[in-house]
Amino acid sequence: MNKNKTFLAIIPARGGSKRLPRKNVLDLCGKPLITYSIEAGLKSKYIDKVMVTSDDEDILSISKKYGATIIKRPEELASDTATTFDAIKHTIDSLEKFDYIVLLQPTSPLRSEKHLDEAIELLEQKNAEAIVSVCEMDHSPLWCNTLPEDGSMKSFLKEEVLNKRSQDLDKYFRLNGAIYICKTDKLLENKGFFLKENIYAYKMGKKNSIDIDDEFDFKLAHLCLQHKENNGI
């Protein structure tokens with residue numbers, strides 16, 4: 001790995017959350033949710049700085065306590081209409097230049113420094129400009145369709161899918177929200193991580209891909225982390 005390249009991890013964490021209030025600072029197995037992402041970034045072999053951007057004083061205080069550099073996000077960048085890119089650009093503009101930006105959403109507590117290092121190493125191996133983490137889907141989208149008002153399933157499945165076993169269908173992957181890496185110049189030019197070319201997937205396992213959006217996800221993450229702790233993983 002060419003360590004001449006520099007990596008800035010940005011953790012965007014707003015104070016407001018409608019489905020699970022105050023989720024970024026909720027206690028998850030003994031520490032606030034956001035700290036799992038901070039610790040993963042700080043333990044990475046390649047990440048040079050971990051920055052938390054937030055409008056919330058509690059989040060900023062906790063983040064600083066756990067070793068992150070913090071930046072107060074202006075009110076206009078903390079509204080429901082503000083995008084993640086807006087917060088990232090504000091952070092980039094406030095700092096010295098880094099070659100790559102690593103977006104770590106605080107809602108992925110089972111993403112570890114191992115995953116970060118592997119994703120960055122994949123970036124190097126592929127000579128890529130962007131890497132995005134994915135995981136295999138539980139169910140093939142080929143088994144899915146919309147339903148008409150009367151609930152008829154007359155054309156629900158395509159002919160080529162009928163009578164096929166799930167294991168005979170192609171594997172499909174989805175974004176898991178855990179890791180986004182992009183060359184800084186390309187990110188700013190594109191206004192997002194999804195470049196049109198030279199972008200590759202980093203595959204993660206299902207158990208590390210929990211993305212906390214509601215109370216069920218939170219309880220599931222708690223069970224997974226407890227299992228890891230109990231088994232010394």
Side-chain angles (χ1 to χ4, degrees), residues 1-14 24 34-55 59-60 63-64 66-74 77-78 82-135 173 175-204 208-209 211:
M1 178 74 192
N2 180 3
K3 199 53 195 86
N4 292 330
K5 295 174 181 175
T6 55
F7 292 84
L8 169 66
I10 299 178
I11 303 173
R14 287 196 306 136
N24 288 323
I34 194 171
T35 64
Y36 290 89
S37 294
I38 293 169
E39 289 174 348
L42 292 173
K43 289 176 184 174
S44 166
K45 291 186 286 190
Y46 306 115
I47 289 173
D48 300 280
K49 181 175 277 192
V50 177
M51 175 73 71
V52 171
T53 167
S54 181
D55 60 314
I59 291 174
L60 292 171
S63 300
K64 188 175 181 181
Y66 279 85
T69 306
I70 59 173
I71 185 167
K72 181 72 182 283
R73 198 186 306 183
L77 296 183
T83 65
T84 299
F85 174 76
D86 294 331
I88 288 171
K89 186 176 185 305
H90 172 256
T91 305
I92 292 171
D93 291 344
S94 307
L95 295 170
E96 70 273 24
K97 174 82 183 298
F98 287 83
D99 297 316
Y100 290 88
I101 300 301
V102 183
L103 170 62
L104 302 180
Q105 300 196 111
T107 48
S108 298
L110 286 112
R111 170 248 297 115
S112 70
E113 67 275 9
K114 173 180 171 285
H115 300 115
L116 294 179
D117 290 345
E118 287 178 355
I120 291 170
E121 285 161 6
L122 179 64
L123 181 88
E124 174 87 353
Q125 291 160 19
K126 295 284 191 183
N127 196 24
E129 291 177 320
I131 296 287
V132 176
S133 62
V134 299
C135 65
F173 294 83
L175 305 178
N176 68 354
I179 304 169
Y180 298 83
I181 307 172
C182 193
K183 199 169 187 178
T184 306
D185 293 342
K186 291 288 182 180
L187 172 64
L188 294 172
E189 181 186 317
N190 189 61
K191 296 187 177 177
F193 287 85
F194 278 87
L195 307 184
K196 289 179 180 164
E197 54 188 9
N198 209 7
I199 176 170
Y200 292 88
Y202 168 65
K203 295 175 187 174
M204 288 177 61
N208 298 117
S209 294
D211 183 9

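Ring-plane geometry between F7 and Y100 is classed as parallel, the angle between the planes falling under 30 degrees on a 0 to 90 degree scale with a further cut at 60.
A donor-acceptor pair is defined here as one N or O able to donate and one able to accept, closer than 3.5 Å; such a pair exists between the side chain of N190 and the backbone of F194. Side chain of T184 to main chain of D99: a donor-acceptor pair is present (N/O by atom type, distance under 3.5 Å, no hydrogens or angles). With N24 contributing its side chain and R14 its backbone, the two residues share a donor-acceptor pair below 3.5 Å.
No more than 12 heavy atoms of other residues, nucleotides or ligands sit less than 6.0 Å from atom NZ of K196.
The heavy-atom pair separating A40 from E113 by the smallest distance is O-CB, 3.4 Å. Heavy-atom minimum distance, I71 versus H90: CD1-CE1, 3.8 Å. For A13 against R73, the heavy-atom pair with the smallest separation is N-NH2, 3.2 Å. Taking all atoms of both residues into account, the shortest heavy-atom contact from K97 to D185 is NZ-OD1, 3.3 Å. A pairwise comparison of heavy atoms in V52 and A68 identifies CG2-CB, 3.8 Å as the closest pair. A pairwise comparison of heavy atoms in A128 and Y200 identifies CB-CD1, 3.6 Å as the closest pair.
Considering only heavy atoms from C-beta on, L175 comes within 4.5 Å of V134 through its side chain. Considering only heavy atoms from C-beta on, K191 stays 4.5 Å or farther from T83 through its side chain. Side chains of S108 and L104 form no contact here, defined as non-hydrogen atoms less than 4.5 Å apart. Annotation: side chain of Y180 is in contact with side chain of Q105 (closest heavy-atom distance under 4.5 Å). Contact annotation: the side chain of Y46 never approaches that of L116 to less than 4.5 Å [non-hydrogen atoms, C-beta and beyond]. At a threshold of 4.5 Å between non-hydrogen side-chain atoms, the residues S133 and H115 do not count as touching.
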For this session: For side-chain contact (heavy atoms from CB on, under 4.5 Å), just list the numbers for S112 and N208, CA-CA rounded to whole Å, side-chain angles, deciding distance to a tenth of an Å, and then say yes or no.
Result: CA-CA 8 Å; S112 70; N208 298 117; over 6 Å; no
For this session: Apply side-chain contact (heavy atoms from CB on, under 4.5 Å) to the pair K183 and N198, showing each step before the final yes or no.
Result: CA-CA 11 Å; K183 199 169 187 178; N198 209 7; over 6 Å; no
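For the salt bridge (Lys or Arg N to Asp or Glu O under 4.0 Å) test, residues two or more places apart in sequence or in another chain that qualify with E96 are K49. Annotation: salt bridge (Lys or Arg N to Asp or Glu O under 4.0 Å) contacts of K72 (sequence neighbours excluded): E57.
Rounding to the nearest 0.5 Å gives a distance of 8.0 Å between CG of L187 and CG of L195. Of the inter-residue distances, the one linking E118 atom CD with I131 atom CD1 reads 12.0 Å to the nearest 0.5 angstrom. In this structure, CD1 on I10 lies 13.5 Å from OG on S37, to the nearest 0.5 angstrom. The distance from atom OG of S54 to atom CG of L77, rounded to the nearest 0.5 Å, is 11.5 Å. Annotation: the span from Y202 atom OH to R111 atom CZ amounts to 11.0 Å, rounded to 0.5 Å. Atom CD1 in I88 sits 6.0 Å away from atom OG1 in T84 (nearest 0.5 Å).
A salt bridge links E121 with K45: the closest approach of a Lys/Arg side-chain nitrogen to an acidic carboxylate oxygen falls below 4.0 angstrom. Between K5 and D48 no salt bridge is recorded (no basic side-chain N to carboxylate O distance below 4.0 Å).
With L8 as reference, L95 is the one residue of L95, V102, T69 to meet the side-chain contact (heavy atoms from CB on, under 4.5 Å) rule. For the pairing with I101, the side-chain contact (heavy atoms from CB on, under 4.5 Å) check across I92, I181, T91, L188 returns one residue only, I92.
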